[in-house]
2 protein chains.
Amino acid sequence: MRQGSTTLELEATRERVLDAAEELYYGRGVQAVGMDAVRTASGVSLKRLYQLYPSKAALVEAYLRRRDARLLDGLARYVEAAPGPPEERVAAVFDWLYEWFSEPDYRGCAFINSYGELGATTPEVAAAARAHKEAFQRYLAGLVEAADLPAALAAQLALLAEGAITTAAISGTPEPARQARAAARVLMDAARGAVGPPL
Amino acid sequence: MRQGSTTLELEATRERVLDAAEELYYGRGVQAVGMDAVRTASGVSLKRLYQLYPSKAALVEAYLRRRDARLLDGLARYVEAAPGPPEERVAAVFDWLYEWFSEPDYRGCAFINSYGELGATTPEVAAAARAHKEAFQRYLAGLVEAADLPAALAAQLALLAEGAITTAAISGTPEPARQARAAARVLMDAARGAVGPPL
DNA sequence: AGGGTGGGAGAACGATAGTTCTCGTGTGTT
DNA sequence: AACACACGAGAACTATCGTTCTCCCACCCT
């Protein structure tokens with residue numbers, strides 16, 4: 001424990017590793033990326049890498065955990081900054097999606113991708129995907145409630161968002177965010193028009 | 001070309017191989033399944049396997065091609081059998097989804113899963129996913145047009161369906177099909193109410 | 001009946017990946 | 001100044017996988 005081993009530097013190295021891992025895993029898929037690629041991209045030696053994360057599985061878990069937190073934080077910050085009535089905040093979710101889809105390296109939802117790749121063989125990955133989607137739904141449900149809209153609307157809006165996420169990835173255009181936003185507005189208006197039944 | 005080599009038997013063996021490959025690839029992910037597992041599951045020797053499909057990539061392509069055809073055929077047959085006005089056929093799409101999601105081994109859309117796993121490294125897989133989703137959208141667009149609904153509705157209904165597909169996979173329940181169906185009906189009603197603008 | 005051919009089982013081969021080990025070097029401590 | 005430790009670079013080890021090869025048996029035709 002001489003030099004470079006302060007807790008702070010350790011944490012900074014962890015971040016560097018996660019930065020590299022995230023870009024590689026998200027961009028190419030988890031299985032397609034070896035530990036050596038993470039080492040090269042991060043500039044952290046294999047030895048230190050395995051000190052920080054005792055196995056690739058642990059690194060993958062950390063990648064998903066951080067991505068979950070960052071995505072939801074980013075969404076919340078974006079929505080919080082959106083002006084207008086609560087209903088407008090719900091619509092802002094889809095604007096956020098549009099910006100996300102427009103990023104040049106957009107390749108869909110890391111959790112859905114990981115689920116398809118590893119969900120069947122690695123229960124932790126399946127659990128991470130479930131947790132992430134549940135957290136997203138909870139957040140949406142909060143917005144829906146704040147807008148005084150029926151609770152059942154949240155699940156429907158989530159479906160639109162999820163559909164937009166995969167459709168944008170596969171088709172390669174951010175347009176699905178717009179279509180989802182328009183559909184969301186129709187659903188909200190309809191729910192407003194008749195508060196009780198139409199679900 | 002003696003025995004067992006008639007074109008018919010060849011085709012039957014191909015189907016056996018594809019049956020095994022489909023179950024394994026869909027259930028565990030493509031990368032997680034080796035050629036040896038396909039050989040064991042199908043009972044077809046490695047030599048014959050490589051005669052029928054010259055590489056794993058070729059087998060994967062055949063798997064996706066057949067799955068594409070079967071899914072869309074199954075959907076079309078289901079919808080065609082649905083009684084009622086054209087609008088009811090659109091709703092039937094979501095009933096079909098519900099049945100699909102209820103299958104015990106349901107694990108989401110093979111194309112989305114393959115895209116997440118291999119789309120970045122294997123352009124053929126990305127293309128297959130795109131083609132499949134486009135075909136699905138085209139089919140939906142046909143139903144929407146037959147129901148005299150605005151064309152833009154098709155994309156929105158597709159988003160609901162896609163969202164339901166991944167949400168049902170990750171959450172493990174078929175409920176998203178119901179929620180999507182309800183939302184679809186609201187969208188259709190709204191489009192009917194005001195034929196031109198609300199898109 | 002006998003030989004040649006097709007086919008099956010599984011070994012073999014080369015590549016890749018996850019993980020660990022070795023070696024050399026530089027640095028802080030005594 | 002010398003030692004001890006930590007670290008980086010990369011080899012090494014093991015397992016797995018895609019693909020091919022070898023060996024052998026059984027069958028069909030003459």
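Everything quoted here is computed from the prediction, not taken from an experiment. Throughout, protein chains are lettered first and strands after them, A, B, ... in sequence-line order, and every chain is numbered starting at 1.
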Problem - Cationic tip of A/Arg107 above B/Tyr115 ring, under 6.0 Å, 45° of axis - result: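 The answer is yes, since A/Arg107 meets both limits relative to B/Tyr115.
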Problem - Backbone N/O of B/Thr121 and side chain of A/Arg28: donor-acceptor pair under 3.5 Å - result: no
Problem - Shortest non-hydrogen separation from B/Glu162 to B/Ile112 and the atoms involved - result: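 It is OE1-CD1, 3.6 Å.
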Completion exercise
Tightest non-hydrogen contact, residues B/Ala126 and B/Gly119, listed as CB-O, 3.8 Å
Handout entry: Heavy-atom side-chain contact between A/Phe94 and A/Arg185 under 4.5 Å
Key = no
Handout entry: Side-chain heavy atoms of A/Pro174 within contact of A/Glu103, under 4.5 Å
Key =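 Not in contact.
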Which pairs, protein N/O on one side and nucleotides 10-17 of chain C N/O on the other, fall under 3.5 Å?
none

For [X] and [N], give me the distance from atom [atom1] to atom [atom2], rounded to whole Å.
X: B/Arg48; N: D/dT20; atom1: CZ; atom2: P; value: 17 Å
X: A/Gln51; N: D/dC5; atom1: CD; atom2: C1'; value: 13 Å
X: B/Asp36; N: D/dA15; atom1: CG; atom2: P; value: 17 Å
X: A/Leu49; N: C/dC21; atom1: CG; atom2: C1'; value: 16 Å

Problem - B/Tyr50 side chain, from C-beta outward: closest of D/dT20, C/dT19, D/dC7 - result: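 Looking only at side-chain atoms, B/Tyr50 lies closest to D/dT20.
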